[in-house]
K.L.:
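For reference, the structure I am asking about is given below.
From a predicted model like this one, the values you see are computed outputs, not experimental measurements.
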Amino acid sequence: QVQLVESGGGLVQAGGSLRLSCAASGRTFNNYAMGWFRQAPGKEREFVAAISWSGGNIYYADSVKGRFTISRDNAKNRVYLQMNSLKPEDTAVYYCAAGNPKARIYYYSRIGYDYWGQGTQVTVSS
């Protein structure tokens with residue numbers, strides 16, 4: 001089992017920045033790829049960003065490319081999502097996930113991940 005706890009969400013004006021953090025405990029953190037997903041009211045949960053166990057492979061949704069940066073610190077059992085140039089459409093609950101995607105395509109999909117946090121709310125005002 002892996003326990004994941006997100007933090008760092010909040011209310012920010014459009015154009016602002018936030019840094020989300022996900023703390024992992026339980027099984028060895030650096031055995032897992034990590035992902036960030038988000039879910040807006042009335043919408044499906046969608047992929048945001050992912051990083052392989054080594055940090056050597058990083059993937060982004062087109063909607064956040066160039067604005068968001070995912071990173072991980074295996075010594076601290078944490079993964080981060082730096083969000084810049086935030087837009088109102090980025091408003092959502094953001095979830096951290098851990099898993100072992102078997103192919104590149106699964107990094108982008110919920111089915112590639114076995115463990116999920118409870119989420120942290122990000123609200124971007126216009």
K.L.:
How far apart are the C-alpha atoms of Tyr113 and Phe37, what are their side-chain angles, what is the distance that settles it, and do they pass the ring pair (Phe, Tyr, Trp, His ring centres under 6.0 Å) test?
P.N.:
CA-CA 11 Å; Tyr113 301 87; Phe37 288 73; 5.3 Å; yes
K.L.:
For Thr123 and Gln121: C-alpha separation, side-chain torsions, deciding distance, then whether side chain to side chain donor-acceptor pair (under 3.5 Å) applies.
P.N.:
CA-CA 6 Å; Thr123 303; Gln121 176 70 47; 3.3 Å; yes
K.L.:
Do Asn57 and Ile51 make a side-chain contact, defined as non-hydrogen atoms from C-beta onward lying under 4.5 Å apart?
P.N.:
no
K.L.:
Sub-3.5 Å donor-acceptor pair from the side chain of Lys102 to the main-chain atoms of Asn100, do we have one?
P.N.:
yes
K.L.:
Hey, does Met83 have a side-chain heavy atom less than 4.5 Å from the side chain of Asp90?
P.N.:
no
K.L.:
At what distance, to the nearest 0.5 angstrom, does CH2 of Trp36 lie from CD of Glu6?
P.N.:
5.5 Å
K.L.:
In Å and rounded to the nearest 0.5 Å, what is the OG to CD distance from Ser21 to Gln82?
P.N.:
11.5 Å
K.L.:
Report yes if some heavy atom in the side chain of Tyr95 is under 4.5 Å from a heavy atom in the side chain of Cys22; otherwise report no.
P.N.:
no
K.L.:
Compare every heavy atom of Ala14 with every heavy atom of Pro88, then report the nearest pair and how far apart it is.
P.N.:
CD-CB, 4.1 Å
K.L.:
Decide whether Ile111 and Ile105 are clustered together by the hydrophobic rule: side chain heavy atoms of Ile, Leu, Val, Met, Phe, Trp, Tyr closer than 4.5 Å, transitively.
P.N.:
yes
K.L.:
Looking at every heavy atom in both Asn84 and Ser17, which two are closest together, and how far apart are they?
P.N.:
OD1-OG, 2.9 Å
K.L.:
With the 4.5 Å side-chain cut-off for hydrophobic clustering, are Ile58 and Val64 part of the same group?
P.N.:
yes
K.L.:
Whether Arg38 engages the ring of Phe47 as a cation-pi pair (distance to the six-membered ring centre under 6.0 angstrom, angle to the ring normal within 45°) should be assessed.
P.N.:
no
K.L.:
Hey, is OH on Tyr106 packed in by over 12 heavy atoms from elsewhere, all under 6.0 Å?
P.N.:
no
K.L.:
Is there a side-chain contact (heavy atoms from CB on, under 4.5 Å) between Tyr32 and Val2? Walk through the geometry before answering.
P.N.:
CA-CA 10 Å; Tyr32 294 95; Val2 176; 3.7 Å; yes
K.L.:
To the nearest 0.5 angstrom, please state how far the CG atom of Asn30 sits from the CG atom of Asn77.
P.N.:
7.5 Å
K.L.:
Does a side-chain N-to-carboxylate-O contact under 4.0 Å join Asp62 and Lys65?
P.N.:
yes
K.L.:
For residues Ile70 and Val79, determine if any side-chain heavy atom of one lies less than 4.5 Å from a side-chain heavy atom of the other.
P.N.:
yes
K.L.:
Apply the hydrophobic cluster definition, ILVMFWY joined by side-chain contacts under 4.5 Å directly or through others, and give me every member besides Tyr80.
P.N.:
none
K.L.:
Do Leu81 and Phe68 touch side chain to side chain, with heavy atoms closer than 4.5 Å?
P.N.:
yes
K.L.:
Find the distance between OG (Ser52) and CE (Met34) and round it off to the nearest 0.5 Å.
P.N.:
12.0 Å
K.L.:
Does Cys96 reach the side chain of Trp116, with side-chain heavy atoms less than 4.5 Å apart?
P.N.:
no
K.L.:
Quick one: is the NZ or CZ of Arg72 closer than 6.0 Å to the six-membered ring centre of Trp53, and within 45° of its axis?
P.N.:
no
K.L.:
Rounded at 0.5 Å granularity, tell me how far OG in Ser125 sits from CD in Gln13.
P.N.:
5.0 Å
K.L.:
Does Arg104 count as lying over the ring of Tyr59, i.e. NZ or CZ under 6.0 Å from the six-ring centre, within 45 degrees of the axis?
P.N.:
no
K.L.:
Can you measure from CG (Leu4) to OG (Ser25) and round to the nearest 0.5 angstrom?
P.N.:
7.5 Å
K.L.:
Looking at Ser85, is its backbone amide N or carbonyl O close enough to the side chain of Arg67 to form a donor-acceptor pair, meaning the two atoms are under 3.5 Å apart?
P.N.:
yes
K.L.:
Do Val122 and Thr91 make a side-chain contact, defined as non-hydrogen atoms from C-beta onward lying under 4.5 Å apart?
P.N.:
no
